[in-house]
*Asks:* 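Dropping the structure in here first, questions after.
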Amino acid sequence: KLQFLYFIDLHVVYTMSDDPFEDEFGISIEEMGFDPREIRSQEQYDELDETQKNFFSNIRYESSLAPEERQKIAEKRKKKKAEEAKRKAAMKATDDRREAEEKAMLDGDKKNVFVPLWDGFDQVSFSTLVDVLRAGNFNICTGVVRKFSSMPPVADDLKVVSKSGVSLVGDFLFDLKGNSNFVRFDAIIVPAGRNVDSLLAGNKKFMSLIKKFAFKKKMVCGAEDAPAFLFLYQGILKGQTCTGSDTAENEIKNSVPADVGKNVTFVKDTVVVCKNIITSRSSADAVEYALTILSNILGSAAMIDVAQRLNYEACCDRVKENTTEPPEAEKKKPAVEGNEPTKEPVGKKQDEKLDIET
């Protein structure tokens, strides 16, 4: 009976105001999901969920305090609320700054690709990708992917160390929250490297971005362990053919649950193209991997031009077999005879090399 009387008393005390709880207790009726003034019986109280019961208990406790004590609690609550608002404003400012920086990196006249970096990436695979794609006039943006990113980011967040111990600074810290720039990238390209299963696969936002790209039919590329730990469990390898490291092969064949890798065909080719998914076996195939990506985005003619300039002609035939010509490449007219890039005589190159060495 005393409990019911208290419920009724609470109802009477606060009847005069529409929503007194916002000012008195720092929470509105809308946030609580119920009006404490309407709880007049044990049965009504029992119908509340645990969170609502906690709200009600806190209100009942504070109502029993002396006015001075209630005033102190109210002041502390206002101070905490102001600090929270300040923190949210700082986070929003950081997000806006990041978005502006990342937007500035994008080039409307070039193909924009996102290359993730993490502690343990393969330096050879990454450097080859950069050399080949920049020779093909790609705009490359490197985003550092952390399992847990700090807010706001500190300078060390942008520094990563390759598996051979070489330090590198990325363009920006990857964080998908509040960012719409990633939809403007033409491809995600993951180089070879270690710790893919623990660092990259541990970032849920990055995994979500890969899945979104794959289902939007944008190019998704991964080398070594990436096909298994980044693509397999996102469902984007279902019914596809891929390659990868021995670790990736074991993961696909012994996946848990077993049906995840059931419809995936694994082959031990150097590079495999299956629709919009490109996979590579190891960093030893970095040149072919990079040229295949370039060829499937810009066409075989652009690939051959880059390969000749970088002296990678030996890979051209294999890459052409692995190329699906993009629509824009098919529309271009074939090169006019006589406009092929001229090659200098081998003897001249040798003479120049001899002069430099001398």
Side-chain angles (χ1 to χ4, degrees), residues 111-118 120-142 162-164 168 185-194 196 200 210 213-214 218-232 236-237 240-249 252 265-300 302-326 329:
K111 292 292 184 181
N112 295 283
V113 295
F114 170 48
V115 179
L117 291 175
W118 69 99
F121 75 96
D122 187 278
Q123 182 195 352
V124 173
S125 178
F126 170 74
S127 300
T128 306
L129 280 169
V130 171
D131 286 345
V132 171
L133 296 180
R134 283 194 174 155
N137 203 30
F138 279 69
N139 180 41
I140 300 172
C141 297
T142 57
S162 72
K163 69 178 185 181
S164 58
L168 198 70
F185 282 102
D186 298 289
I188 296 177
I189 304 173
V190 183
R194 298 173 183 166
V196 172
L200 290 187
I210 285 179
F213 263 60
K218 290 193 173 186
M219 194 73 74
V220 178
C221 314
E224 213 165 58
D225 293 345
F229 296 107
L230 300 185
F231 302 166
L232 177 66
I236 65 177
L237 288 182
Q240 305 265 29
T241 301
C242 73
T243 189
S245 63
D246 292 336
T247 304
E249 182 181 5
I252 290 171
T265 303
F266 187 91
V267 294
K268 292 191 176 182
D269 296 347
T270 52
V271 178
V272 173
V273 179
C274 195
K275 298 179 181 177
N276 60 317
I277 310 293
I278 298 178
T279 51
S280 172
R281 188 152 176 77
S282 72
S283 58
D285 311 311
V287 172
E288 187 177 345
Y289 178 45
L291 287 174
T292 302
I293 294 169
L294 187 150
S295 185
N296 279 272
I297 294 178
L298 295 184
S300 58
M303 179 273 297
I304 292 170
D305 176 60
V306 169
Q308 288 176 343
R309 285 190 279 124
L310 299 180
N311 294 321
Y312 290 149
E313 295 99 326
C315 295
C316 288
D317 291 338
R318 290 201 307 274
V319 173
K320 283 177 72 176
E321 292 173 2
N322 237 346
T323 299
T324 302
E325 294 289 348

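Numbers here simply count residues along the sequence, with the first being 1.
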*Asks:* Using distance only, find each side-chain donor-acceptor pair of residues 128-138 under 3.5 Å and give its atom names and separation, not counting sequence neighbours.
*Replies:*
| from | atom 1 | to | atom 2 | distance (Å) |
| --- | --- | --- | --- | --- |
| Thr128 | OG1 | Val124 | O | 2.7 |

*Asks:* Is any side-chain heavy atom of Val306 closer than 4.5 Å to one of Met303?
*Replies:* no

*Asks:* Compare every heavy atom of Leu294 with every heavy atom of Ala302, then report the nearest pair and how far apart it is.
*Replies:* C-CD2, 3.8 Å

*Asks:* When you measure from the side chain of Asp186 to the backbone N and O of Asn112, does any donor-acceptor pair fall under 3.5 Å?
*Replies:* yes

*Asks:* Mind checking side chain to side chain donor-acceptor pair (under 3.5 Å) for Ser282 and listing every partner two or more places apart, or none if nothing turns up?
*Replies:* none

*Asks:* Can you find a heavy atom in the side chain of Phe266 that is under 4.5 Å from one in the side chain of Pro227?
*Replies:* no

*Asks:* Using the test salt bridge (charged side-chain N to carboxylate O under 4.0 Å, His left out), find all partners of Asp122 that sit at least two apart in sequence or belong to another chain.
*Replies:* Lys163

*Asks:* Using the test side chain to side chain contact (heavy atoms under 4.5 Å, CB included), find all partners of Cys315 that sit at least two apart in sequence or belong to another chain.
*Replies:* Val287, Leu291, Arg318, Val319

*Asks:* Is there a donor-acceptor pair under 3.5 Å between the side chain of Thr243 and the backbone N or O of Asp269?
*Replies:* yes

*Asks:* Does Thr323 have any side chain to side chain donor-acceptor pair (under 3.5 Å) partners at least two apart in sequence or in another chain, and if so, which?
*Replies:* Ser295

*Asks:* Going by side chain to side chain donor-acceptor pair (under 3.5 Å), name the residues that satisfy it together with Asn296, two or more places apart in sequence or in a different chain.
*Replies:* none

*Asks:* Would you check if Val115 and Pro191 make a side-chain contact, meaning some heavy-atom pair closer than 4.5 Å?
*Replies:* yes

*Asks:* How many angstroms lie between CG in Asp305 and CZ in Arg309, if you round to the nearest 0.5 Å?
*Replies:* 4.5 Å

*Asks:* With sequence neighbours left out, write down each residue that passes side chain to side chain donor-acceptor pair (under 3.5 Å) with Ser280, or none if nothing qualifies.
*Replies:* none

*Asks:* By ring pair (Phe, Tyr, Trp, His ring centres under 6.0 Å), which residues pair with Phe121, not counting sequence neighbours?
*Replies:* Phe126

*Asks:* Between the main-chain N or O of Ser245 and the side-chain N or O of Glu224, is there a donor-acceptor pair closer than 3.5 Å?
*Replies:* no

*Asks:* With sequence neighbours excluded, tell me which residues meet side chain to side chain contact (heavy atoms under 4.5 Å, CB included) with Ile210.
*Replies:* Ile188, Phe206, Val220, Leu230, Phe231, Ile236

*Asks:* For residues 270-278, which side-chain N or O atoms pair as donor and acceptor with protein atoms under 3.5 Å away, sequence neighbours left out?
*Replies:*
| from | atom 1 | to | atom 2 | distance (Å) |
| --- | --- | --- | --- | --- |
| Thr270 | OG1 | Glu288 | OE1 | 3.1 |
| Thr270 | OG1 | Glu288 | OE2 | 3.2 |
| Asn276 | ND2 | Ala214 | O | 3.2 |
| Asn276 | ND2 | Lys218 | O | 2.8 |

